[in-house]
Number of protein chains: 2
Amino acid sequence: MPLSEEQRQNMKKRRQKILNTAVYLFATEGYEGTTIKKIAEAADVSFGNVFTYFKDKEQLFYAAVVEPLEAISDQILDFNENAEDPLLELQEMVKKDIQLFAGEQNYLTLVVQVVGQYQRFPEPFDQLNQFHDHWREKVGRLIENGQHKGLLKKQASMPVATLYTSLLIGIRLNNTDTRYSDMWAQYITPAFQLFGPIHE
Amino acid sequence: MPLSEEQRQNMKKRRQKILNTAVYLFATEGYEGTTIKKIAEAADVSFGNVFTYFKDKEQLFYAAVVEPLEAISDQILDFNENAEDPLLELQEMVKKDIQLFAGEQNYLTLVVQVVGQYQRFPEPFDQLNQFHDHWREKVGRLIENGQHKGLLKKQASMPVATLYTSLLIGIRLNNTDTRYSDMWAQYITPAFQLFGPIHE
DNA sequence: TGGTTACGAACGATTACTCAATCGTTAATA
DNA sequence: TATTAACGATTGAGTAATCGTTCGTAACCA
């Protein structure tokens, strides 16, 4: 006797609500600081019901770190490393990434925790690390593209790519206020300098 | 009957040992993840003795965040914003800061936690924030110095200064391995690009 | 009625913190 | 110098509260 489609949808929504609440609480109160009781109350769900969707606290944390990553990684990797005009592609990438990082405060705070305490969270850290390597290498190839066309200063590409991703997570860390998203716009031009553009 | 000088020295050492242990454990295991019992064992001190030096866990955490800040802030602020050759001063500053951030893994991981979860730790965050403002403004003045001398590209100085401090904490976050400190050297030159140096 | 989700009281483990007892050192006395 | 009284650092068992997890029961739907 299978469940009705409506019920399966409701359960899916309920699971997602728990997960979103968990992301927020894990991000703002840490792993041990976040209790199942708090999550249940904030998600308007009974205490025991959390365990029907997630085996235990550790698995819930893992899901909170890894599941949102898929949605975000698609946006971050959405640029053409073989662009005809790599300078323009870089500039649009920077603009897009900065806006993205400005918006995603909760989740990125959670990411910062996992990366900062990677010894405590080896499994979710591994997932983040894999994505980070992909990302950095793709950025590195776009930089080399620009260098071959004589539009960027010649220098090792990977350190620059690493500095770029470091810069993004660093800005997120340093800007506690999300509200004034105008502030973020002023970072775009100077951040672009990092790649060593050659102006004629 | 006052304590002898030797005893007061021993107590000072004991306090410092507890504090150093606390920095390490808070950094690697988080606030709630770090128990007084763990700290006492790791510092080779009895459980109850921790409370003779620190009123409670919260005060110990505050001390672990704020006390090392004084030693580090002196090094970070050690540059001349009115230097005759601001380009050279900037370059040396970058080199020094990157080396400093490469070495101080434990404490900076703790800083990342406080900044990332600033709502949970308002008092220590406030201290970090005050120092950060000082630092950024001093860097900003050095940048303006360079711009007035025609050595740096004209642009708003504060966003660049903010990007610089963001970059530093971001590199620390992205490089989990301290051992290969050679790696850090390769960041110096590209990071310097951020300030928009004008080469003739 | 049969089967699955939702619920929350109960359980053992662990937490921060207290406190009465103990230990080590100091300084005055013999 | 040897003895001892006294003071404060040190100790860890004890306390109340809270944690993650389990599980029997209730509620819901096909």
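In what follows, chains are A, B, ... by sequence order, proteins preceding strands, each numbered from 1.
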Not counting sequence neighbours, which residues clear ring pair (Phe, Tyr, Trp, His ring centres under 6.0 Å) with A:F61? List them please. A:F26, A:Y31, A:F121
Whole angstroms only, please: what is the CD1-P distance between A:I18 and C:dC7? 9 Å
Check: residues 63-80 of chain B side-chain donor-acceptor pairs under 3.5 Å, at least two apart:
from: B:E67; atom 1: OE1; to: B:R15; atom 2: NH2; distance (Å): 2.8
from: B:E67; atom 1: OE2; to: B:R15; atom 2: NH2; distance (Å): 2.4
from: B:S73; atom 1: OG; to: B:L69; atom 2: O; distance (Å): 3.1
from: B:S73; atom 1: OG; to: B:E70; atom 2: O; distance (Å): 3.0
from: B:N80; atom 1: OD1; to: B:N82; atom 2: N; distance (Å): 3.0

Roughly, in whole Å, what's the span from CE in B:M11 to C1' in C:dG24? 13 Å
Starting at the 5' end of DNA chain C, what dot-bracket string do you get if Watson-Crick and G-U pairs under 3.5 Å are bracketed, crossing pairs use [ ], other-strand pairs use | and unpaired bases use dots? ||||||||||||||||||||||||||||||
Reading nucleotides 15-21 of chain C from the 5' end, what letters show protein touch, with B for base, S for backbone sugar-phosphate only, - for no heavy atom under 4.0 Å? SSBB---
If we ignore angles and hydrogens, is there a donor and acceptor under 3.5 Å between the side chains of B:D97 and B:Y164? yes
Is the closest side-chain donor-acceptor distance between B:Q119 and A:T28 under 3.5 Å? no
Kindly say if A:S46 contacts the phosphate of C:dC7, meaning a side-chain N or O under 4.0 Å from OP1 or OP2. yes
A:N174 and B:T165: side-chain donor and acceptor closer than 3.5 Å? yes
Is it true that the side chains of A:N175 and A:Y187 contain a donor and an acceptor less than 3.5 Å apart? yes
From OH of A:Y53 across to P of C:dT4 the rounded distance in Å is 14 Å
Between atom CD in A:Q7 and atom C1' in D:dC29, what is the gap in whole Å? 6 Å
To the nearest Å, give me how far apart CG (B:N10) and C1' (D:dT10) are. 13 Å
Closest heavy-atom pair, B:G33 versus A:R120, reported as atoms and distance to 0.1 Å, is CA-NH2, 4.2 Å
Who pairs with B:E29 by salt bridge (Lys or Arg N to Asp or Glu O under 4.0 Å), at least two apart in sequence or on another chain? B:K38
Can you tell me which residue pairs pass the side-chain hydrogen bond (donor to acceptor under 3.5 Å, both in side chains) test with a partner in residues 50-60 of chain B, sequence neighbours excluded? B:N49-B:T52
Using a heavy-atom cut-off of 4.0 Å across all strands, would you classify A:R14 as base, sugar-phosphate, or nothing? sugar-phosphate
In whole angstrom, what separates A:N49's CG from D:dT22's C1'? 15 Å
